[in-house]
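Throughout, numbering of the chain's residues begins at 1 and tracks the sequence. In this text, all values refer to a predicted model and were calculated from it rather than measured experimentally.
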Amino acid sequence: MELMVRNARLLNRNGLYRVAVRDGKIASIQEETPDSIAEGDEAFATGRCEEQIHAEGLLLLPPYVESHIHLDAVLTAGEPRWNESGTLFEGIQIWSERKPYLTEEDVRQRALRALQGLAGQGVLHVRTHVDICDPQLTALKSLLALKNEVRSWVNVQIVAFPQMGICSYPKGAELLEESLKLGADAVGAIPHYEFTREDGIQSLHILFELAQKYDRLIDVHCDEIDDEHSRFVEMLAALAYRTGLKGRVTASHTTAMHSYSNAYVSKLMNLLQLSEINFVANPLVNTHLQGRFDPYPKRRGMTRIKELLEAGLNVSLGTDCIMDPWYPLGSGNMLHAANMALHVGHMTGNREIPLGVQMVTEGGARSLDIMEGYGIEEGRPANFIIVDGQDPWELMRRMPVTRYVVYRGKLIASTNPAETSLYVGRSGDPQSHPIGYL
Ligand code: FE2
């Protein structure tokens, strides 16, 4: 036995458990009893178990899933200039100025730094979009090589993303197809950014043809605009339904849905349910980017997460950006994204708060179509994290660090939580608590 986690709390179960790992897989999950604790001590003392982690009642979860990030652009904020308007469109312009200076090594170094930062926080499945509107496909080639380089400690999924459009960029469709031949896992589109509505529709038809020809997943930057007339999500859903690709299709952003009339949304929701497509919201970045053209009151640029979940659709979250032309902040912290989603979406009801954690774990695994190997079950790959909290409420409230990160049975990162020494109000006051555990 390579590893045994002792006294861990599990989601939706009472009691404490020990999780044993053998050959990179979860070999057993057993409730801790006085006998099992003695047996665990003995296994470790006699070398039958090589390594043990004392979870001390903390929550053991499957890894966080980053459903949407742009690793090719991370850590370029301010290069060659800062986005002063805070709009998506200025971001795209600045990126097109930075792009000619990309080299494979430049992309590799920045993306690697971001992946290390993510893995340290327990994010072990990462879907990255990569801009393929570049005749040399420099960023794509770099990230394909990096995906292979890091595969022993993080699972990276690459979406070929035509930032400047499929129909509106010279040879856009050819570059997209070439990206799939080179090995991209998923195919993307940006219909609301194409020159015309017809081009947007045409780009989705091309997208589905390519996905079917090369048997790839689909993830579309869809209706990321404060325009209530941007309705490409209905065509995306209709094509997902008609082709049968359904759950292999993801609609990212869909911020225009925030501005649709309720009458249209109620008609749309039936189609979305039939299509079974996934949704990815990016609450941090879209709260920042959207509403920039509004007078007061300014719209919140987030898709209708609450209503989508209530309709039984899958929603997961991304952080989208870490210091790039679109967003000057960002740390890859999935709990920040979830916390923002709960606030902006008015999802603070008793049953809604735990959904924040669901969207950055299992919801993400559904979007990435990796459910087969995901979750805390015997026989599944031993990928899990132990967080510095006891339940999803505490995670959403305090956003604590991830104490231990295990990938394929190996401990790949650990973090000590910050400790506060309190020098006031202690003498004679038995009620004072460590401040970090309010
Ligand atoms: Fe994006």
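Between Pro191 and the options Leu204, Ile166, Leu207, Leu236, a side-chain contact (heavy atoms from CB on, under 4.5 Å) holds for only Leu204. Partner of Glu66 under the side-chain contact (heavy atoms from CB on, under 4.5 Å) criterion, chosen from Leu317, Val360, Val126: Val126. The residue from Ile322, Asp320, Asn282, Leu284 that alone fulfils the side-chain contact (heavy atoms from CB on, under 4.5 Å) condition with Tyr327 is Leu284.
Counted within 6.0 Å of NZ on Lys25, heavy atoms from surrounding residues, nucleotides or ligands total 12 or fewer; the atom is thus considered open. For CD of Glu105, the number of neighbouring non-hydrogen atoms (other residues, nucleotides, ligands) closer than 6.0 Å is greater than 12. For Arg113, the CZ atom counts as loosely surrounded, since its 6.0 Å shell holds 12 or fewer non-hydrogen atoms of other residues, nucleotides or ligands.
For the 3.5 Å distance criterion, the side chains of Glu177 and Tyr214 qualify, holding a donor opposite an acceptor. Asp131 and Trp95 are linked by a side-chain donor-acceptor pair at a separation below 3.5 angstrom, with hydrogens and angles left out of the test. Looking at Thr128 and Gln157, their side chains never bring a donor and an acceptor atom within 3.5 Å of each other. Neither side chain, His54 nor Asn7, offers a donor N or O lying under 3.5 Å from an acceptor on the other. Residues Thr76 and Asp324 have side chains that never bring a donor and an acceptor to within less than 3.5 angstrom of each other. Checked by atom type, the side-chain pair Ser367/Arg127 shows no donor-acceptor distance below 3.5 Å.
The shortest side-chain heavy-atom distance between Leu217 and Val249 does not fall under the 4.5 Å cut-off. Counting only heavy atoms from C-beta outward, the side chains of Asn333 and Thr319 never approach each other to under 4.5 Å. In this structure, Arg248 and Ile218 have side chains that are not in contact, with every pair of non-hydrogen atoms separated by 4.5 Å or more. Under the 4.5 Å side-chain criterion, counting only non-hydrogen atoms from C-beta, Ile190 is in contact with Gln163. With a 4.5 Å cut-off on side-chain heavy atoms, Tyr241 and Lys246 count as touching. Counting heavy atoms from C-beta on, the side chains of Asn83 and Pro328 never come closer than 4.5 Å. Put simply, the side chain of Ser28 reaches to within 4.5 Å of the side chain of Glu378, judged on heavy atoms. Contact of the Leu3 side chain with the Gln52 side chain is not registered, since no non-hydrogen atoms from C-beta on lie closer than 4.5 Å.
Between atom CZ of residue Arg380 and atom CE of residue Met371 there is a gap of 6.5 Å, rounded to the nearest 0.5 Å. Taken to the nearest 0.5 Å, the CG atom of Leu118 stands 9.0 Å off from the OG atom of Ser331. Here the CG atom belonging to Leu11 is positioned 9.0 Å from the CG atom belonging to Asp391, to the nearest 0.5 angstrom. A distance of 8.5 Å separates SG of Cys133 from CG of Leu176, quoted to the nearest 0.5 Å. We find the CD1-CG distance between Ile158 and Leu146 to be 8.0 Å, quoted to the nearest 0.5 Å. Here CG of Asn286 is found 5.0 Å from CD of Glu224. Values are rounded to the nearest 0.5 Å.
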May I have the step-by-step check of side chain to side chain contact (heavy atoms under 4.5 Å, CB included) for Phe384 and Leu61, ending in yes or no?
CA-CA 6 Å; Phe384 53 78; Leu61 286 172; over 6 Å; no
List the steps, then state whether side chain to side chain donor-acceptor pair (under 3.5 Å) holds for Thr243 with Gln212.
CA-CA 9 Å; Thr243 56; Gln212 288 177 304; 4.6 Å; no
Please report the C-alpha distance between Val406 and Ile412 in whole Å, then the side-chain angles of each, then the deciding distance to 0.1 Å, and finally whether the side chain to side chain contact (heavy atoms under 4.5 Å, CB included) criterion is met.
CA-CA 6 Å; Val406 173; Ile412 64 159; over 6 Å; no
Take Lys99 and Asp134, measure what salt bridge (charged side-chain N to carboxylate O under 4.0 Å, His left out) needs, and give me the verdict at the end.
CA-CA 8 Å; Lys99 234 170 14 172; Asp134 159 21; over 6 Å; no
Determine, stepwise, if the pair Lys147 / Asp185 fulfils salt bridge (charged side-chain N to carboxylate O under 4.0 Å, His left out).
CA-CA 11 Å; Lys147 170 185 165 156; Asp185 303 288; 2.9 Å; yes
Report the C-alpha distance between Arg408 and Asp23 in whole Å, list the side-chain angles of each, state the deciding distance to 0.1 Å, and finish with yes or no for salt bridge (charged side-chain N to carboxylate O under 4.0 Å, His left out).
CA-CA 8 Å; Arg408 295 187 192 161; Asp23 300 328; over 6 Å; no
Quick one: do Val65 and Ser316 satisfy side chain to side chain contact (heavy atoms under 4.5 Å, CB included)? Show the steps, please.
CA-CA 9 Å; Val65 179; Ser316 63; over 6 Å; no
Please report the C-alpha distance between Met257 and Leu268 in whole Å, then the side-chain angles of each, then the deciding distance to 0.1 Å, and finally whether the side chain to side chain contact (heavy atoms under 4.5 Å, CB included) criterion is met.
CA-CA 10 Å; Met257 196 187 293; Leu268 176 66; 4.3 Å; yes
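No donor-acceptor pair closer than 3.5 Å links the side chain of Thr361 to the backbone N or O of Pro62. A distance-only check finds no donor-acceptor pair linking the side chain of Ser168 to the backbone of Gly165 [under 3.5 Å]. The main-chain N or O of Ser259 is never found under 3.5 Å from a side-chain atom of Glu228 such that the two would form a donor-acceptor pair. In this structure a side-chain-to-backbone donor-acceptor pair under 3.5 Å is present from Arg9 to Gly57. Listed for the Lys141 side chain is a donor-acceptor partner under 3.5 Å among the backbone atoms of Gln136. Side-chain N or O atoms of Glu149 include none that pairs as donor or acceptor with a backbone N or O of Leu112 at under 3.5 Å. No side-chain donor-acceptor contact under 3.5 Å links Asn339 to the backbone of His343. A donor-acceptor pair under 3.5 Å links the side-chain atoms of His288 to the main chain of Trp326, judged by distance alone. Judged purely by atom type and a 3.5 angstrom limit, His129 has no side-chain atom pairing as donor or acceptor with the backbone of Val159. At distances below 3.5 Å, at least one donor-acceptor pair connects side-chain atoms of Ser142 with backbone N or O atoms of Glu104.
Taking the six-membered ring wherever Trp is involved, the centroid distance between the rings of Phe161 and His70 falls below 6.0 Å. Between His221 and His68, a ring centre-to-centre spacing shorter than 6.0 Å is recorded. The distance between the ring centers of His125 and Tyr374 falls below 6.0 angstrom. Between Phe232 and His192, the ring centre distance reaches or exceeds 6.0 Å.
Among all heavy-atom pairs drawn from Pro283 and Met302, the shortest one is CB-SD, 3.6 Å.
By the side chain to side chain donor-acceptor pair (under 3.5 Å) test, Tyr260 pairs with Asp223, sequence neighbours left out.
Between Arg6 and Asp41 there is a salt bridge, since at least one side-chain N of the basic residue sits less than 4.0 Å from a carboxylate O of the acidic one. Classification of Glu352 and Lys306 as a salt-bridged pair holds, one side-chain N sitting under 4.0 Å from a carboxylate O.
The cationic group of Arg231 lies under 6.0 Å from the six-membered ring centre of Tyr264 and within 45° of the ring axis, placing it in a cation-pi geometry.
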